[in-house]
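Here is the structure we will look at.
Hydrogens, waters and symmetry mates are skipped; everything else that's a heavy atom, side chains included, is used. As the structure is a prediction and not an experimental result, all values here were calculated from the model. By convention in this document, chain letters (A, B, ...) are assigned in the order of the sequence lines, proteins followed by strands, and residues within each chain are numbered from 1.
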Amino acid sequence: MKRVLQIIKREYLASVRTKGFIIGLVLAPLVMSGSALAMWLLSGHVDTEDKTIAVVDRSGILADTLVRKAEERNAEAVYDSLTGEKKRPAYLIEIVRPDGADPEGQTLRLSDRVRRGDLHAFVVIGEAVLHPPGDEENARISYHAKAAAIDEIRGWMNGTINWRLRHWRLSEAGIDGSDAEEVFWWVPVDPMGLMSQDTETGAVKTAERTTEAQALIPAAVLFFLMFIMVMMGAVPQLYAVVEEKSQRIAEVLLGLVTPLQFMAGKVLGGLAVSLTGSGVYLIGGILFFTTLGLDDHIPFHVLPWFVIYMVLNVVMLGAAYSALGSACSDPKDAQSIGFPAMLPVLIPMFLVAPVLRQPESAVATWASLFPPFTPTLMVLRMALPQGVPAWQPWAGLAGICLTAVLAVWAAGRVFRVGLLVQGKAPKLGTMIRWAISG
Amino acid sequence: MKALDIEQLTKTFGTLSAVEDLSLSVEEGSIYGFIGPNGSGKTTTMRMIMNIIYPDRGSIRVLGKTSDGARLENVGYMPEERGLYKKMKLRELLLFYGELRGGRSVDAEVDSWLERFDLTSRAREKLETLSKGMSQKVQFIATIIPRPDLLILDEPFTGLDPVNADIIREVLLDLHAQGTTIILSTHDMHLAETLCNRICMIFRGRKVLDGSLQEIQQEFGQDTVRLRTADGSSVLRDLPGVEKVLDLGQEQELRLAREADPQQVLKELVRRTRVLGFEIARPSLHDIFVRIAGPGAEEGKP
C-alpha cells in the first residue's frame with residue numbers, strides 16, 4: 001500500500017503542479033465568476049442615448065399611435081422618478097411620408113441615414129396590416145437597424161403596433177375600445193414547485209415559484225462538472241501511460257512495483273486530481289451561490305451521489321484508459337484510438353437535450369442505467385426538479401460498481417501484458433485475449 | 001545461501017522459444033555475468049527473475065523466496081532500456097524511486113550518492129536538462145538506493161564513456177565488498193572476464209556455458225597462441241596445424257588444431273619471419289563467444 005501511495009503522490013503532484021491544471025482549476029472559475037460579475041455590474045449601465053426611429057406608415061393608421069405611445073413611455077420610463085437620473089433612452093419617432101413612386105429608393109435612403117447615425121432604425125408598415133388575410137404580402141412590418149434581430153426597440157414596436165391593430169379591429173367589430181384592455185389581458189401560467197408537509201410538525205411548506213433556468217442550470221452544471229472531472233482525472237491516463245511506455249519508464253517501475261500497484265497508483269492519482277478539482281468547484285460554487293442568497297437552488301441532495309458516481313467513474317475510465325495506453329507503442333497510436341476511447345464520455349453529451357426534454361422517458365431511464373453513462377446522466381436527471389424514483393440511483397450505483405470492478409480487473413491484466421509489448425498496436429481482440437488469459 | 005536459483009525455466013512468445021529449460025544458480029556475494037548474442041534470452045530471463053513477465057514453466061527463487069508476483073524491496077533492477085521522468089527534478093526522482101523500493105526515507109543516501117557521482121550541483125534540475133551520460137548515472141543511482149542485497153543490471157555499461165564506466169565499476173565493486181550479489185549482462189567480454197566471478201552464456205534461449213572464467217577456458221583447452229611477428233598476419237597463410245587466425249592488428253591469435261604441436265608451429269613461423277612474441281594461452285572469452293555464436297559455429301563445442 002505504501003508503494004501505491006508513493007505513486008499516487010507522484011501522479012498527483014505531476015498533475016497539479018502543471019500550469020494547465022492551475023489555469024484550468026483556479027483561473028477558469030475566476031474568469032467565469034468575473035464574467036458573471038461583469039455582466040451583473042454592466043446590467044445597470046445601459047445605453048441611455050436617445051434613439052430616433054423613422055416610421056414609414058403605408059397603412060396610415062399607426063404612425064400617430066407610435067408617436068403618442070413613445071411619448072407616454074418616455075415620460076414614464078426614461079428618468080428615475082426619485083433621483084431624476086436618466087436610466088433608459090428616449091424613443092423619438094420621426095414620421096416619414098411613404099414614397100409611393102420609389103419605395104425601394106426610400107428604403108435605401110433611410111438605410112443610409114441609419115449607417116450615418118442620423119437614425120437608430122426605421123420601420124416600414126405595410127398598407128394591409130389591419131386586415132392581413134388574403135393580402136399577406138402588403139401586411140408586413142419590417143424593422144431595419146444595424147442589429148435588428150437583437151434590438152429591444154423591435155420588441156417595443158411589436159407590442160405597441162399589434163396592441164393598436166387589435167383595438168382597431170375590435171372597433172370595426174363594434175366592440176367598445178374601453179373593454180379592449182380586459183379582452184387582451186394576458187394571464188401567465190406560473191411555473192411552481194410542489195407543496196409539502198412536514199411529517200413531524202404538520203407544517204405546510206408552500207410551493208415556490210421556479211424558472212426554467214433555476215430548474216435546468218443546477219442539473220446542467222453537475223453534468224458538465226462530471227464531464228470535466230473525467231477529462232481531468234481519467235482521460236490523461238491514456239497519454240501518460242503511452243509516454244511512460246515509449247520512454248521506457250514503465251519497465252523501470254515494474255522492477256519496483258507490481259503492474260497492479262502501478263496501475264492502481266496511476267488511477268488513484270488521477271482520482272485525487274479529480275477530487276481536488278471537484279472539491280474546489282463544488283465548495284467554490286456553494287460559497288458563491290450562498291453569498292448571493294441563491295443557495296435554495298443548489299441540489300444538495302444530489303451532491304453525495306455526484307461524489308460517489310464521480311469516484312467510480314474516474315476509477316472505471318482511468319483503469320480502462322491506462323490499459324489502452326499500455327497497448328499503444330507511441331503517442332501516434334494513442335491519438336488514433338483517442339476518439340473511439342472517448343465515446344463513453346462523449347455519447348452522454350448528445351443525450352443531454354432529449355434527457356432534459358423528457359427526463360422520465362424510457363430512453364432517459366435506460367440510458368442513465370447503462371453503467372458508462374450512469375454517472376453523468378443519472379446525476380443530470382436527479383438534479384432536475386422532478387427527480388428520479390428512489391431505486392434508480394441505487395440500481396445505477398450497483399451497475400457502475402460491477403462495471404468498475406470488471407474494468408479494473410480486465411485493465412490490470414491488459415496493462416501487465418501491454419506495457420512490455422512493442423511494435424504495432426494490438427487489435428481489440430488481442431486485448432480481450434490478454435484480459436481473459438492474463 | 002543462493003542469491004538466485006532457477007530451475008528448468010521456459011518462456012515462449014508465440015512460436016518463438018525465448019528461454020528453454022534454463023537452470024542456473026548464483027551464489028550469494030558473487031558477481032555473475034550473463035553473456036550471449038542479441039536476442040539470446042538474457043533480457044527475458046532477467047524480466048522473469050524480476051517477475052515482470054511470467055515463465056511458462058520452471059521455478060525461480062530469489063534470495064531464498066519463490067517468485068509470487070510481489071516485488072522484492074532488496075532487489076535492484078536496471079533494465080536495458082533506461083526510463084526516467086524527464087519533467088521531474090533529479091533529487092526528487094531519486095527519492096521517489098528509492099522510497100518506492102525501500103518503503104522508507106532515503107534522503108541521506110540520495111545526497112551521498114549524488115555527491116559521489118558529482119551530481120550535487122544538478123540535484124534541483126529537471127532530468128530533461130541532463131546529458132545522456134548523466135541520465136545513465138542517475139538511472140544507476142536509482143537502482144542502488146537503498147543498497148540492494150541483489151542487483152540485476154541489464155547492459156549497465158552501454159553508452160558510458162570510460163570515465164563514467166570506471167565510476168560505475170568502482171561502485172559495483174564497493175557494493176560487492178559490502179555483500180551485494182550482482183548479476184549483470186554485457187557484450188563487453190573483457191569486462192566479463194575482469195569483473196565477474198562466474199559467467200553464464202545463453203545462446204538461442206539455452207545455457208551453453210556456466211562457470212568461472214578458468215573453468216570455461218579449461219573446458220576449451222590450451223589451444224590458443226598469441227603472436228607478434230615482424231611481418232604481421234601476411235606470413236600466417238596456410239600455416240600447418242593452425243585452424244583459424246584472428247588478426248588483431250599488432251597482434252594475432254592462432255587457434256591450433258586439436259592434435260597440433262605448438263613447437264612445430266613456432267618452428268615454421270621462425271622459418272617464415274622474425275617472431276617478436278609467442279605465448280601459448282587459453283582462449284579468451286571473446287574467442288569462446290565467437291566459437292559458440294559466430295557464423296558457422298558449432299553450438300557450445302570446445
Side-chain angles (χ1 to χ4, degrees), chain A residues 1-21 236 239-262 264-266 269 326 329 412-413 415-424 426 430 433-434 437-438, chain B residues 11 13-14 18 43-44 46-54 56 67-89 92-93 95-106 126-128 135 138-140 142-143 145-146 148 150-154:
Chain A
M1 190 59 199
K2 215 168 185 178
R3 287 171 175 163
V4 176
L5 286 173
Q6 286 285 345
I7 297 174
I8 293 172
K9 185 180 154 194
R10 199 213 80 81
E11 292 295 319
Y12 180 72
L13 291 176
S15 294
V16 300
R17 279 178 179 171
T18 58
K19 289 187 190 102
F21 182 83
Y239 302 98
V241 173
V242 174
E243 191 187 349
E244 281 163 342
K245 185 178 170 182
S246 61
Q247 293 182 7
R248 315 291 176 176
I249 298 166
E251 192 177 347
V252 177
L253 286 173
L254 288 179
L256 300 167
V257 292
T258 63
L260 197 62
Q261 285 173 327
F262 184 15
K266 292 196 71 63
S326 75
S329 291
R413 293 164 83 88
F415 189 77
R416 187 174 68 80
V417 182
L419 266 185
L420 296 169
V421 172
Q422 296 294 342
K424 202 177 166 190
T430 312
R433 190 157 45 78
W434 290 349
S437 65
Chain B
K11 178 72 187 177
F13 295 109
T43 298
T44 303
M46 288 185 163
R47 284 176 173 174
M48 285 192 282
I49 295 169
M50 289 308 297
N51 220 356
I52 292 170
I53 54 177
Y54 299 155
D56 299 334
S67 173
D68 59 356
R71 293 281 92 87
L72 298 158
E73 62 190 49
N74 39 9
V75 179
Y77 170 60
M78 185 167 88
E80 183 183 4
E81 305 275 7
R82 320 289 193 247
L84 299 165
Y85 288 104
K86 290 178 182 166
K87 297 281 177 196
M88 282 182 91
K89 291 174 182 169
E92 209 171 62
L93 178 116
L95 288 173
F96 170 64
Y97 280 142
E99 286 169 13
L100 201 54
R101 189 172 63 244
R104 61 174 174 81
S105 169
V106 290
K126 286 188 177 173
L127 284 159
E128 61 192 355
S135 297
V138 173
Q139 184 85 62
F140 180 73
T143 313
I145 296 175
L150 174 62
L151 187 57
I152 299 175
L153 308 167
D154 198 355

Q.
Measuring only between side-chain heavy atoms, which start at C-beta, is L256(A) closer than 4.5 Å to Y77(B)?
A. no
Q | Check: R47(B) and E251(A) side chains under 4.5 Å, non-hydrogen atoms | A | yes
Q: Just give me the residue among I7(A), V4(A), L260(A) that pairs up with chain B most often, heavy atom to heavy atom, under 4.5 Å.
A: I7(A)
Q | Part of L5(A) lying under 4.5 Å from any heavy atom of chain B | A | neither
Q) Is the backbone of R101(B) close enough, under 3.5 Å, to the side chain of R3(A) for a donor and an acceptor to pair up by distance? A) yes
Q. Taking atom CZ of R10(A) and atom CG of L93(B), what is their separation to the nearest 0.5 Å?
A. 8.5 Å
(Q) With a 4.5 angstrom heavy-atom cut-off, is it the side chain or the backbone of E244(A) that approaches chain B, or both, or neither? (A) side chain
Q) Measuring heavy-atom distances to chain A, does Y85(B) have an atom under 4.5 Å in its side chain, in its backbone, in both, or in neither? A) both
(Q) Please identify, among Q6(A), K2(A), E243(A), the residue contributing the most non-hydrogen atom pairs under 4.5 Å to chain B. (A) Q6(A)
(Q) To the nearest 0.5 Å, what is the distance between OG1 on T18(A) and NZ on K87(B)? (A) 10.5 Å
**Q.** Side chain, backbone, both or neither of M78(B) within contact of chain A (heavy atoms, under 4.5 Å)
**A.** neither
Q) Who passes ring-ring contact (aromatic ring centres under 6.0 Å, His included) against F262(A), sequence neighbours left out? A) F415(A)
Q: Indicate yes or no: at least one non-hydrogen side-chain atom of F96(B) is less than 4.5 angstrom from one of K9(A).
A: no
Q. Under 4.5 Å between any side-chain heavy atoms of Q139(B) and V252(A), yes or no?
A. yes
Q: Measure distances from L84(B) to the heavy atoms of chain A and classify the residue's part below 4.5 Å as side chain, backbone, both or neither.
A: backbone
